[in-house]
Participant: 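Here it is, the structure, as structure tokens.
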Amino acid sequence: MKILQLMALTMFMTGYADAQLTTTTAKLKRFGEPLPAIRHVTDMKVFGDTLLFVFECENGYGQRLLRRAIIDSVNNTLKISPDMGKREDGYYASYMPYPFVSVNGAIRVASQDNCEVFAVENDTAFVRTRQYLMDGNGTVPFPLSQYVQDVYMTNPDRYVFIGREPNGGRQYAITADLATSKIDTVRQINISPELQTWMPNAGEMVYSDKHNRLAFAYKLHPVIEIFDTDGKTIKSVKTGEDTFDQKTLEEADLEAMNSLHIVDLTYTSDYIYALNWGYGYSDADKYSPSIYKIDWSGKVIDRYFNIPYPLYSIAAIDDNRLIGWNGRDFILVQP
């Protein structure tokens, strides 16, 4: 079955033969503060020459840590900061930090477990803003859990993010107006009417302030949906043939039992970059991924291939350079 899936994916990709680029890569040497043994990098963003990355440690019991690193792409180095958000008593201001950049260019952090928003001072200190993406007192269209992901500030006091119903329910692209404490939905995020809950619809959302559009890529389905902030679909982009097995819906480890498609998504104001696998976690170190470059109208511009490393996460430095995590090292990726 695995061989058939890979053959189908290869046949599908031939349609993009005129837009395929062999990439050049370079490992980035790290210095500065040492890093612990990393189990997963869960999020990466580049802001100017600064990489923000969130990770889980081996034996870290699910806690997520945030670091910043200065990128020197001339000398292929990364200068790593201390832990961000660590207090003087040794505890952390947030155990699930999610970094984003505010409309005035400052780094902010949303705590994914309780929706609190922090400012960042002196490079690493979290300072409370007394703002919450959802504070329990606002107007909501239906009950929502306090877990949030993929947070973007669209205007002062206005945000868009992914939110979920409680108890494994549906997920939505959501807007929040903190000035009026009003929460509203942009659209439900689901691949089909038959798959309503968030687990088979897991993925990642990005936002372009220039185009005022959103894109959501499904991890278990070869689809990237581009839509505006009113929920209107701009384009649905396919990167392969669907391989999801609905028989795995009742399994807790359904991701491990299916091929994964878009495992990470990053962006610039003009482009979307999708890290495409087409295979499962167990094969991540056996096959080379590809990276799609797509404009915000849904046109596939390029596909980067022949990447000589496994890649688990990517972040766009600019319109032509990416940084990736291969499980051990940060990698500079460019055509």
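Since this is a predicted model, take the numbers as computed values, not measurements. Worth knowing before you read on, the calculation uses all heavy atoms, side chains too, and leaves out hydrogens, waters and symmetry mates. Sequential numbering from 1 along the given sequence is applied to the chain's residues.
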Participant: Tell me, which pairs form a side chain to side chain donor-acceptor pair (under 3.5 Å) where one or both residues lie in residues 197-206, sequence neighbours left out?
Facilitator: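 Sorted pair list comes back empty.
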
Participant: Any side-chain to backbone donor/acceptor pair from D295 onto K299? Under 3.5 Å, distance only.
Facilitator: yes

Participant: For Y207 and N212, does a side-chain donor sit closer than 3.5 Å to a side-chain acceptor?
Facilitator: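 Y207 vs N212: donor-acceptor pair found between side chains.
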
Participant: Apply side chain to side chain contact (heavy atoms under 4.5 Å, CB included) to the pair I323 and L51, showing each step before the final yes or no.
Facilitator: CA-CA 9 Å; I323 188 168; L51 170 69; 3.8 Å; yes

Participant: Report the C-alpha distance between R87 and D89 in whole Å, list the side-chain angles of each, state the deciding distance to 0.1 Å, and finish with yes or no for salt bridge (charged side-chain N to carboxylate O under 4.0 Å, His left out).
Facilitator: CA-CA 5 Å; R87 303 186 312 208; D89 59 6; 3.3 Å; yes

Participant: Can we call the ring centroids of F161 and F100 under 6.0 Å apart?
Facilitator: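 For F161 and F100, the ring centres are not under 6.0 Å apart.
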
Participant: Is there a donor in the side chain of D83 and an acceptor in the side chain of Y92, or the other way round, less than 3.5 Å apart?
Facilitator: yes

Participant: Are the side chains of I262 and T239 in touch, meaning some heavy atoms are under 4.5 Å apart?
Facilitator: yes

Participant: Using 0.5 Å steps for rounding, measure from the CG atom of L78 to the OG1 atom of T50.
Facilitator: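 Going from CG on L78 over to OG1 on T50, the span is 10.5 Å.
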
Participant: Kindly indicate whether the side chain of V109, heavy atoms from C-beta on, has any atom under 4.5 Å from the side chain of L66.
Facilitator: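 The answer is yes, as the side chains (C-beta and beyond) meet within the 4.5 Å cut-off.
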
Participant: Salt bridge or not for K232 and D230, using N-O below 4.0 Å?
Facilitator: no

Participant: Using a 3.5 Å distance criterion without hydrogens, assess whether the side chain of D318 forms a donor-acceptor pair with backbone atoms of R321.
Facilitator: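 Flag set: sc D318 to bb R321 pair under 3.5 Å.
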
Participant: Check whether E255 reaches the backbone of Y281 with its side chain - one donor and one acceptor, N or O, closer than 3.5 Å.
Facilitator: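 Answer holds: no.
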
Participant: Listed by chain and number, what are the salt bridge (Lys or Arg N to Asp or Glu O under 4.0 Å) partners of D285, not counting sequence neighbours?
Facilitator: none

Participant: Identify, with sequence neighbours excluded, every residue that meets side-chain hydrogen bond (donor to acceptor under 3.5 Å, both in side chains) alongside D150.
Facilitator: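 Once residues adjacent in sequence are excluded, D150 has no partner under the side-chain hydrogen bond (donor to acceptor under 3.5 Å, both in side chains) criterion.
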
Participant: For the residue pair H221 and F244, does the interplanar ring angle fall in the parallel (under 30°), tilted (30 to 60°) or perpendicular (over 60°) class?
Facilitator: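 Aromatic pair H221/F244 classed tilted.
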
Participant: Using side-chain hydrogen bond (donor to acceptor under 3.5 Å, both in side chains) as the criterion, list what pairs up with Y98, not counting sequence neighbours.
Facilitator: K45

Participant: For the pair D228 and R213, evaluate salt bridge (charged side-chain N to carboxylate O under 4.0 Å, His left out) and give the outcome as yes or no after the intermediate values.
Facilitator: CA-CA 4 Å; D228 64 24; R213 290 178 177 177; over 6 Å; no

Participant: Any ring pair (Phe, Tyr, Trp, His ring centres under 6.0 Å) involving residues 57-89? Give me the pairs, sequence neighbours left out, ordered by first then second residue.
Facilitator: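 Passing the test, one end in residues 57-89: no pairs.
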
Participant: Does any N or O in the side chain of Q112 come within less than 3.5 Å of the main-chain N or O of V148, such that one atom is a donor and the other an acceptor?
Facilitator: yes

Participant: Y312 and W277: ring pair (Phe, Tyr, Trp, His ring centres under 6.0 Å), yes or no, with the steps?
Facilitator: CA-CA 9 Å; Y312 299 90; W277 279 13; 5.7 Å; yes

Participant: Is it the case that K79 places NZ or CZ above or below the six-membered ring of F31, under 6.0 angstrom from the centre and within 45 degrees of the axis?
Facilitator: no

Participant: Does R170 offer a backbone N or O that forms a donor-acceptor pair with the side chain of E165 under 3.5 Å?
Facilitator: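 Between the backbone of R170 and the side chain of E165 there is a qualifying donor-acceptor contact (under 3.5 Å).
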
Participant: Is a donor on one side and an acceptor on the other found under 3.5 Å between the side chain of D72 and the backbone of N75?
Facilitator: yes

Participant: Would you mind listing the cluster partners of M257? Hydrophobic ones only (ILVMFWY), side-chain contacts under 4.5 Å, chaining allowed.
Facilitator: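 M257 clusters with nothing; isolated.
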
Participant: Answer yes or no: does atom CD of E250 have more than 12 heavy-atom neighbours from other residues, nucleotides or ligands under 6.0 Å?
Facilitator: no

Participant: Please go through M96's hydrophobic cluster and name the other residues, only I, L, V, M, F, W, Y counting, with side-chain heavy atoms under 4.5 Å joining them.
Facilitator: Y147

Participant: Evaluate the criterion side chain to side chain donor-acceptor pair (under 3.5 Å) for residue pair S313 and H40; output intermediate values, then yes/no.
Facilitator: CA-CA 9 Å; S313 299; H40 298 299; over 6 Å; no

Participant: Looking at Q131, is its backbone amide N or carbonyl O close enough to the side chain of T129 to form a donor-acceptor pair, meaning the two atoms are under 3.5 Å apart?
Facilitator: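 Flag set: sc T129 to bb Q131 pair under 3.5 Å.
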
Participant: May I ask you to say whether R39 pairs ionically with E56, meaning some side-chain N is under 4.0 Å from a carboxylate O?
Facilitator: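 No salt bridge links R39 with E56.
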
Participant: Output yes when a side-chain donor or acceptor of N258 lies under 3.5 Å from a complementary backbone atom of L254, and no otherwise.
Facilitator: yes

Participant: Is there side-chain contact between L260 and Y279, with at least one heavy-atom pair below 4.5 Å?
Facilitator: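 With C-beta onward as the side chain, the pair stays apart.
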
Participant: Hey, what do you get for CD1 (I80) to CZ (R67), rounding to the nearest 0.5 Å?
Facilitator: 7.5 Å

Participant: Does NZ or CZ of R187 lie under 6.0 Å from the centre of the six-membered ring of F227, at an angle within 45° of the ring axis?
Facilitator: yes

Participant: Run through T233, L214, I234 and flag the one making a side chain to side chain contact (heavy atoms under 4.5 Å, CB included) with I226.
Facilitator: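 With I226 as partner, side chain to side chain contact (heavy atoms under 4.5 Å, CB included) holds for just one option, I234.
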
Participant: Rounded to the nearest 0.5 Å, what separation is found between the CG atom of D245 and the CG atom of D242?
Facilitator: 10.5 Å

Participant: How far apart are the C-alpha atoms of F216 and V206, what are their side-chain angles, what is the distance that settles it, and do they pass the side chain to side chain contact (heavy atoms under 4.5 Å, CB included) test?
Facilitator: CA-CA 7 Å; F216 186 90; V206 294; over 6 Å; no

Participant: Output, in order, the C-alpha distance, side-chain angles, deciding distance and verdict of side chain to side chain contact (heavy atoms under 4.5 Å, CB included) for L65 and C57.
Facilitator: CA-CA 8 Å; L65 302 175; C57 300; 3.6 Å; yes

Participant: Does R68 reach the main-chain N or O of D123 with its side chain, forming a donor-acceptor pair under 3.5 Å?
Facilitator: yes

Participant: Inspect the surroundings of CG in N59 and state if more than 12 heavy atoms from other residues, nucleotides or ligands are less than 6.0 Å away.
Facilitator: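 Atom CG in N59 is not crowded, with 12 or fewer foreign heavy atoms closer than 6.0 Å.
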
Participant: Would you call the rings of F142 and Y172 parallel, tilted or perpendicular, where under 30° means parallel and over 60° means perpendicular?
Facilitator: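 The rings of F142 and Y172 sit tilted, inter-plane angle from 30° to 60°.
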
Participant: Run the numbers on V223 and I191 for side chain to side chain contact (heavy atoms under 4.5 Å, CB included), then give the verdict.
Facilitator: CA-CA 8 Å; V223 176; I191 194 67; 3.9 Å; yes

Participant: Can you confirm whether T243 sits close enough to H261 that some side-chain heavy atom of one is under 4.5 Å from a side-chain heavy atom of the other?
Facilitator: yes

Participant: To the nearest 0.5 angstrom, please state how far the CG atom of N306 sits from the OG1 atom of T23.
Facilitator: 7.0 Å

Participant: Test I317 against every option in L322, T268, L332 by the side chain to side chain contact (heavy atoms under 4.5 Å, CB included) rule and name the one that passes.
Facilitator: L332

Participant: What pairs of residues pass the side chain to side chain donor-acceptor pair (under 3.5 Å) test when at least one of them lies in residues 322-335, not counting sequence neighbours?
Facilitator: none

Participant: Whether R158 and D177 form a salt bridge (side-chain N of Lys/Arg under 4.0 Å from carboxylate O of Asp/Glu) is what I want to check.
Facilitator: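 Yes, this pair counts.
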
Participant: Donor-acceptor pairs under 3.5 angstrom involving side-chain atoms of residues 115-122: please list them, not counting sequence neighbours.
Facilitator:
from: E116; atom 1: OE2; to: R128; atom 2: NE; distance (Å): 2.5
from: E116; atom 1: OE2; to: R128; atom 2: NH2; distance (Å): 3.2

Participant: Who else is in the cluster with I70 when I, L, V, M, F, W and Y are joined by side-chain contacts under 4.5 Å?
Facilitator: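 None; I70 is a cluster of one.
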
Participant: With sequence neighbours left out, write down each residue that passes side-chain hydrogen bond (donor to acceptor under 3.5 Å, both in side chains) with S111, or none if nothing qualifies.
Facilitator: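 With sequence neighbours excluded, S111 shows a side-chain hydrogen bond (donor to acceptor under 3.5 Å, both in side chains) to S94, D113, N114, given in chain and number order.
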
Participant: Has Q196 got a side-chain atom pairing as donor or acceptor with P193's backbone, closer than 3.5 angstrom?
Facilitator: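 It does hold such a pair.
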
Participant: Could I get the full list of side-chain hydrogen bond (donor to acceptor under 3.5 Å, both in side chains) partners for K219, not counting sequence neighbours?
Facilitator: none

